[in-house]
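Below: the structure, in structure tokens.
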Amino acid sequence: MGGLRVLRSRETSVVAKISAPLTVYGTIGRALSLARVVFCLSFFLTLLSCNSTRPVVKIGLLAPFEGLHRESGYEALSAMRMALADYPLKNFDALPLALDTSADPPQARRAAAKMLRDETVVAVIGPLQARQVSVVAEVITASDVAWQPQVRPASSAEAQTLIEVTISQMSGTNIVVAGLDFGWPQNSAAQWSSKTGKSVTMVDSPTDAAAADAVLWLGSPAEGAAFLGDLRTQSPAVPFWTTAVAGDPVFLSLLSERLDGTPPGPIYWVVALGESAEQYTNWSAEHADASPTAFAVYLATRRALQKFAGDDPPSNKRELALFSLDLEGKSELMEILPLP
């Protein structure tokens, strides 16, 4: 309304300035001058209507912003904002749309459904905890919105491949899988053994894992910290493997409390980055406090923007990054493995 009042004020001013000469020139002069005024105003309004704004799209982020896991959610949002700021947007603008999952599957499902009601959302990144991925998949895969979960691949077949590749990298042949979350493929020990060529056992107790060559944890961060804390009292050196669980600040904080000065022993974790080791090395040098999971969110945001802009985004080739973790929370990249 302010702009309309200004425009009307300018119209009044213009008419006032030409009204005096019109009384001299007569009827014909008035008609010609008013026609010029009308033409000029029409031309001016046409220019205003042609000055359209750039379209705005949104990149959705499903992450915990309340509760125990909120630190990982805010780190992911920071990484997304960095990607949006770094990417050269030419013909459109992009904004983040972050909704809270509270690391809870029902809440994550509701957040995903709410997010998809916004027609400007062109891609969704997250959730950040594995047990929410399967329930969110039911909602997002039914839409045409691009989806990139960060803790495990969206499909059961891809998740199974990730586990198989991980087990193949573990030392020894006596492998224990513990804490199998419902978000992962529910294969039996015999099925995992057949697929990996190793002797895989499913256990619930750290005592049953103490004599293994290596342990793969596929549960939650909090439960994983408790399991490893108890395991270290019985087996200080058995390698402990997990997924993006080890990149969650909750895991490290609770593990430190559990160990109470006891050495953490060898800890390894894997995350599907989808990019090369060199890119992660450059990222970690510039963002020393950011986790590899934050880097995965940064890359996923860039890929979403590239796809929408038609800027020849990278292929869908997925690579598995293998990290070691120390008790201070420092993750060191050890190897990049191709995912079949």
Side-chain angles (χ1 to χ4, degrees), residues 62-64 69 72-73 75-76 101 103 105 108 125-137 148-170 175-187 192 195-196 200 202-203 209 214-228 231 239-252 254-255 264 266-275 280 291-297 299-300 318-325 329 331-340:
L62 296 172
H69 297 269
S72 61
E75 182 187 48
T101 65
I125 295 169
L128 302 182
Q129 285 76 31
R131 63 179 52 179
Q132 301 157 52
V133 174
S134 57
V135 296
V136 166
Q148 298 183 60
Q150 296 314 115
V151 293
R152 73 169 181 82
S155 75
S156 178
E158 292 173 331
Q160 183 165 300
T161 298
L162 184 148
I163 294 176
E164 292 173 11
V165 171
T166 301
I167 291 178
S168 71
Q169 296 299 309
M170 299 168 72
I175 307 301
V176 161
V177 173
L180 182 62
D181 197 283
F182 68 83
W184 293 99
Q186 299 297 301
N187 287 348
W192 288 123
K195 292 177 181 298
T196 62
V200 178
M202 315 288 284
V203 304
V215 176
L216 175 60
W217 176 261
L218 293 175
S220 72
E223 294 166 343
F227 187 95
L228 180 55
L231 178 63
F240 182 88
W241 290 65
T242 187
T243 58
V245 163
D248 192 315
V250 169
F251 174 79
L252 187 66
L254 295 179
L255 179 61
I267 303 175
Y268 306 101
W269 66 289
V270 295
V271 61
L273 291 179
E275 298 290 342
Y280 174 75
S291 72
T293 307
F295 176 63
V297 171
L299 287 179
R318 303 283 282 178
E319 293 178 323
L320 195 65
L322 168 60
F323 294 90
S324 63
L325 180 73
S331 292
E332 181 180 352
L333 180 65
M334 299 181 62
E335 190 174 0
I336 294 287
L337 306 168
L339 283 173

Query - Residue pair Leu162, Trp184: steps toward the side chain to side chain contact (heavy atoms under 4.5 Å, CB included) verdict - result: CA-CA 10 Å; Leu162 184 148; Trp184 293 99; 4.1 Å; yes
Report task. Take Leu255 and Ile267 through the side chain to side chain contact (heavy atoms under 4.5 Å, CB included) test and state the conclusion after the steps. Result -> CA-CA 12 Å; Leu255 179 61; Ile267 303 175; 3.9 Å; yes
**Report entry** Leu216/Met170 under side chain to side chain contact (heavy atoms under 4.5 Å, CB included): CA gap, chis, key distance, verdict
**Finding:** CA-CA 9 Å; Leu216 175 60; Met170 299 168 72; 3.9 Å; yes
**Report entry** Stepwise side chain to side chain contact (heavy atoms under 4.5 Å, CB included) test for Thr196 and Ser168
**Finding:** CA-CA 6 Å; Thr196 62; Ser168 71; 5.9 Å; no
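The two residues Ala178 and Phe227 have their closest heavy-atom pair at CB-CZ, 3.7 Å. Minimum heavy-atom separation, Ser72 to Leu128: O-CD1, 3.6 Å. Here the closest non-hydrogen pair linking Pro185 and Ile163 is CD-CD1, 4.2 Å. Among all heavy-atom pairs drawn from Ala103 and Pro64, the shortest one is N-CB, 3.7 Å. The two residues Ala76 and Val297 have their closest heavy-atom pair at O-CG1, 3.5 Å. Between Leu333 and Ala321 the shortest heavy-atom distance is CD1-CB, 4.0 Å.
No option in Leu231, Thr242, Val177 other than Leu231 meets the side-chain contact (heavy atoms from CB on, under 4.5 Å) test with Val215. With Phe323 as reference, Tyr280 is the one residue of Tyr268, Tyr280, Trp241, Phe295 to meet the ring pair (Phe, Tyr, Trp, His ring centres under 6.0 Å) rule. The side-chain contact (heavy atoms from CB on, under 4.5 Å) with Leu320 is formed by just one residue from the set Thr161, Val271, Thr166, Ile336; it is Thr166.
In terms of modelled atom types and a separation under 3.5 Å, the side chain of Gln148 and the main chain of Ala300 share a donor-acceptor contact. No donor-acceptor pair under 3.5 Å is formed between the side chain of Gln160 and the backbone N or O of Gln186. Put simply, the side chain of Glu75 gets close to the backbone of Ser291: a donor and an acceptor are under 3.5 Å apart.
The distance from the CG atom of Leu218 to the CG atom of Leu180 is 6.0 Å, given to the nearest 0.5 Å. Distance CG/Leu325 to CH2/Trp269: 8.0 Å, rounded to 0.5 Å. One distance of note links OG1 of Thr293 with CG of Asp248; it measures 8.0 Å at 0.5 Å rounding. Note: Leu62 CG to Gln129 CD = 11.0 Å, rounded to the nearest 0.5 Å.
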